[in-house]
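Keep in mind the model is a prediction, meaning the values are calculated, not measured.
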Amino acid sequence: LCQAEKPGVHQYQHREFLHIREFIKSFEFAMDNTLTHAVAKSNHVTRLKFEFKNVINRKIKVVRKVLHFPTKKIIINYYYDPKSILRRVNPMEENKLKKVERVLDTPADFTSPEDLYEELIKKIKLYHPSDDLHLVERAYHIARDAHKDQKRKSGEPYIIHPLCVAIILAELELDKESIIAGILHDVVEDTDHTIKEMREWFGDDVATIVDTVTKRKSEKYETSLQVDNYKQMLQSIHYDIRALLLKLADRLHNMRTLKSMLPHKQLKIASETDYFYAPLAHRLGLYQVKTELENLSFRYRQPHEYDEVKSYINNYVAVHSAAAESWMQPIREALERRGIKARVVCEPRSAYSIYAKMQEDSISLSEVEHIRIVHIVYDNWKEMGMTEKEMALLIYTIVTSIYVEKPSSMNSYLDVCKDNNYRSLHCKLMGNEGRWMEVHIASSEMRRISNIGCLVEREHGVDRWIENFRGVLKD
C-alpha cells in the first residue's frame with residue numbers, strides 16, 4: 001500500500017511506518033480510493049495525504065478534499081475516535097471539513113430492498129409458469145428480519161446483497177427453490193437461524209443448497225479455509241448443481257460491489273475470481289457472467305492496464321461510431337426488404353479480452369484488430385419457415401453481397417458448437433474506413449443459450465442437465 005523501505009531509514013522510523021500501514025489497512029470508511037500515500041522527505045515519513053471521494057451518491061459531483069495529518073496524531077486519535085481525526089487535525093478547517101464528515105456518515109446510494117424485491121418478482125414471472133410465489137415472499141421476510149441490524153462495507157442494508165444474488169439467479173432462469181436459497185444463503189452463516197429451520201420452512205432442496213454454500217467453521221482445515229470451500233462447492237455436483245450456480249451469483253454481486261473493500265482485500269478477491277470463478281462460468285457456458293467476472297477482476301488486479309485499455313476503447317468508439325452506423329445501415333435496409341426481423345448493432349469487445357489478445361500475440365494496444373464486433377441477431381426464422389442455420393446462411397449471403405468478404409474468414413459454429421454451447425456464424429467484411437469488420441450472425445435463441453449455457457439442458461430433463469454438468473466439471 002505504501003512503501004517506505006528505503007536505504008538510510010532508521011529502524012524506529014520503519015517500525016513507525018509499519019504502524020501507519022496497519023492503520024491504513026484497518027481504515028474502513030465507506031469511500032472509494034481511500035488511498036493514501038506517504039510523503040517521505042529526508043528519509044522521514046512526515047505527513048499523510050488522504051483523498052476522500054464522495055461515492056455516496058453517484059449522481060452528484062464528486063467531492064474531493066485533501067487532508068494533511070501529523071503522523072502520530074492520526075494513530076492516537078484513530079484508536080479513540082476515528083472521526084476525531086477530522087475534527088482535531090486543524091480547528092481552522094472545521095467548517096470546510098463538515099462536508100466531508102457528512103459524506104462519511106451517509107450510507108452509499110442504493111436501491112431500496114422493497115424495489116429490489118419487486119424487480120425480483122417481475123423477473124421470475126417472465127419465465128416461471130406458476131404465480132404461486134408465497135414461499136419466495138416468506139424467504140424475503142425471514143432474510144430481511146434476520147439481517148435487519150447488519151450493513152455491508154458500503155453502508156447499505158445487508159438484505160440488498162441476497163436480493164441482488166436472487167435477481168442474478170432469476171436472470172439465469174433458475175427455479176423457485178434456487179431463488180429462495182439465494183435470498184437465504186447468508187442467513188445460516190451470519191445469523192442464529194439453522195439448516196434445520198430452513199428444511200422445516202422450505203424443504204430439503206432449499207436446505208441442501210443453503211447448507212452447501214455455508215462456509216464451514218473449523219479449528220483445523222484440511223488445506224485452508226478457501227481451498228476447503230472450493231472442494232465443498234465442487235463436491236456439491238453429486239447432490240445438487242444449483243449450489244454452484246448460487247455461489248457464482250454470489251461472487252458476481254460481490255465483485256460488482258468490490259470497491260467498498262480495502263485495496264488488499266480487493267486484490268485477494270479479484271485474484272480468486274480470475275483463477276477460479278471466471279473459468280468455471282466459462283466452462284458452464286455462462287457467457288455474460290464469465291465476461292463480467294473477467295472484466296471486474298481485471299479492473300482490480302491491474303487497474304492501470306484496465307484504465308488504459310478502457311480509455312482506448314472509449315476513444316475508439318467515439319471516433320468511429322458514426323462510420324460504423326453508416327456502414328450498418330445498408331445491412332439493416334437489405335434485411336428489412338427480405339422480411340427478416342433482426343437487430344444490427346456494433347459493440348466493443350471487453351477490456352479483458354483485448355488485453356488477453358495483447359498478451360497472447362505480444363502486440364501493443366494499437367495493433368489489436370477488431371476493437372468492436374458487429375452483431376446481427378435475428379428472430380423470425382420460424383415465421384419464415386426456416387431453420388436457424390438456414391436463416392443464418394441467408395443473412396450471410398445478403399451481407400457478403402453488400403460488402404467484400406475477407407478470404408477464408410468465415411467460421412461456422414452452427415452445427416458443432418463450442419464447449420460452452422456457443423453457436424454463431426462469424427465472418428469479416430471490408431468496412432468503410434479501410435478496416436475489416438468482424439461480423440457475428442446468430443439467432444436470439446443462440447444468444448440466450450450463450451448467456452445461460454448448460455442451463456438450457458433442463459428442457460431435456462433435470463437428470464440429463466445434472467449429468468452434463470458433472471461431465472464438464474469432473475476435471
Side-chain angles (χ1 to χ4, degrees), residues 255-256 270 273-274 278-279 281-282 286-332 335 342-378 392 395-396 398-400 402-413 418 420 422-442 444 446-447 450-451:
M255 288 299 297
R256 288 174 178 176
T273 300
D274 181 65
H282 174 68
L286 306 176
Y287 179 76
Q288 278 190 333
V289 174
K290 164 252 190 187
T291 301
E292 190 171 356
L293 287 175
E294 285 177 341
N295 277 296
L296 289 169
S297 172
F298 180 35
R299 175 183 176 184
Y300 290 103
R301 287 185 300 108
Q302 297 171 274
H304 298 296
E305 289 84 352
Y306 175 85
D307 289 341
E308 180 184 3
V309 175
K310 197 67 178 175
S311 176
Y312 183 87
I313 293 173
N314 292 338
N315 292 336
Y316 187 95
V317 170
V319 171
H320 300 285
S321 59
E325 278 297 317
S326 64
W327 186 85
M328 291 186 292
Q329 192 56 33
I331 296 177
R332 295 188 183 112
L335 295 177
R343 301 182 303 279
V344 183
V345 294
C346 186
E347 299 174 348
R349 293 171 61 186
S350 71
Y352 179 88
S353 67
I354 291 176
Y355 184 76
K357 184 68 174 177
M358 292 167 57
Q359 302 306 304
E360 180 183 347
D361 296 344
S362 299
I363 58 178
S364 66
L365 187 53
S366 60
E367 294 175 298
V368 177
E369 294 184 348
H370 313 303
I371 299 297
R372 300 166 304 167
I373 297 174
V374 175
H375 294 276
I376 303 177
V377 184
Y378 54 91
I395 293 175
Y396 168 74
I398 293 172
V399 297
T400 52
I402 300 173
Y403 296 114
V404 175
E405 181 186 10
K406 184 177 182 178
S408 304
S409 69
M410 197 267 271
N411 289 305
S412 175
Y413 303 101
K418 293 185 178 181
N420 59 352
Y422 175 84
R423 295 175 63 212
S424 183
L425 189 152
H426 298 182
C427 64
K428 296 176 183 178
L429 306 176
M430 177 55 67
N432 52 1
E433 295 182 300
R435 298 183 181 88
W436 294 109
M437 301 286 283
E438 184 164 349
V439 179
H440 293 182
I441 303 170
S444 54
M446 292 178 188
R447 293 270 286 193
S450 72
N451 288 334

Test item: Met437 and Met430 side chains (from C-beta on) under 4.5 Å apart, heavy atoms: no

Nearest atoms (heavy-atom pairs only) where Ser350 meets Asn295: CB-ND2, 3.1 Å

Sequence-distant partners of Glu369, salt bridge (Lys or Arg N to Asp or Glu O under 4.0 Å), two or more places apart: none

Quick one: side chains of residues 304-321, donor-acceptor pairs under 3.5 Å with protein atoms, not counting sequence neighbours, listed by atom name and distance.
from   : atom 1 : to     : atom 2 : distance (Å)
Asn314 : ND2    : Lys310 : O      : 3.3
Asn315 : ND2    : Ser311 : O      : 3.2
His320 : ND1    : Glu433 : OE1    : 2.9
His320 : ND1    : Glu433 : OE2    : 3.0
Ser321 : OG     : Val317 : O      : 3.3

For Arg372 against Cys346, the heavy-atom pair lying closest together: CB-SG, 3.6 Å

Side-chain touch His426/Ile441, heavy atoms, less than 4.5 angstrom: no

Phe298 and Tyr352 aromatic ring geometry - parallel, tilted or perpendicular at 30°/60° bounds: perpendicular

pair Glu367-Lys357: side-chain heavy atoms closer than 4.5 Å: no

Residues that Ser408 engages under side chain to side chain contact (heavy atoms under 4.5 Å, CB included), provided they are two or more places apart: none

salt_bridge(Arg349, Glu438) N-O dist < 4.0 Å: no

Residue pairs, two or more places apart or on separate chains, that pass salt bridge (Lys or Arg N to Asp or Glu O under 4.0 Å) and touch residues 288-298: Arg256-Glu292, Lys290-Glu294

Contacts of Asn411 that satisfy side chain to side chain donor-acceptor pair (under 3.5 Å) - sequence neighbours left out: none

Residues Gln329 and Ser326: side-chain donor-acceptor under 3.5 angstrom: no

Gln288 CD: over 12 foreign heavy atoms closer than 6.0 Å: no

Non-hydrogen atoms of Trp436 and Lys406 that approach each other most closely: CZ3-N, 3.4 Å

Positive for side-chain contact (heavy atoms from CB on, under 4.5 Å) with Val439, one of Val344, Leu429, Thr400: Leu429

4.5 Å side-chain heavy-atom contact, Val374 and Val345: no

Check: Ala324 main-chain N/O paired with Asn432 side-chain donor or acceptor under 3.5 Å: no

Inter-residue atom distance His440.NE2 - Glu347.CD, 0.5 Å rounding: 11.0 Å

Set of side chain to side chain contact (heavy atoms under 4.5 Å, CB included) partners for Ala342, sequence neighbours left out: Leu335, Ile340, Ile376, Tyr378

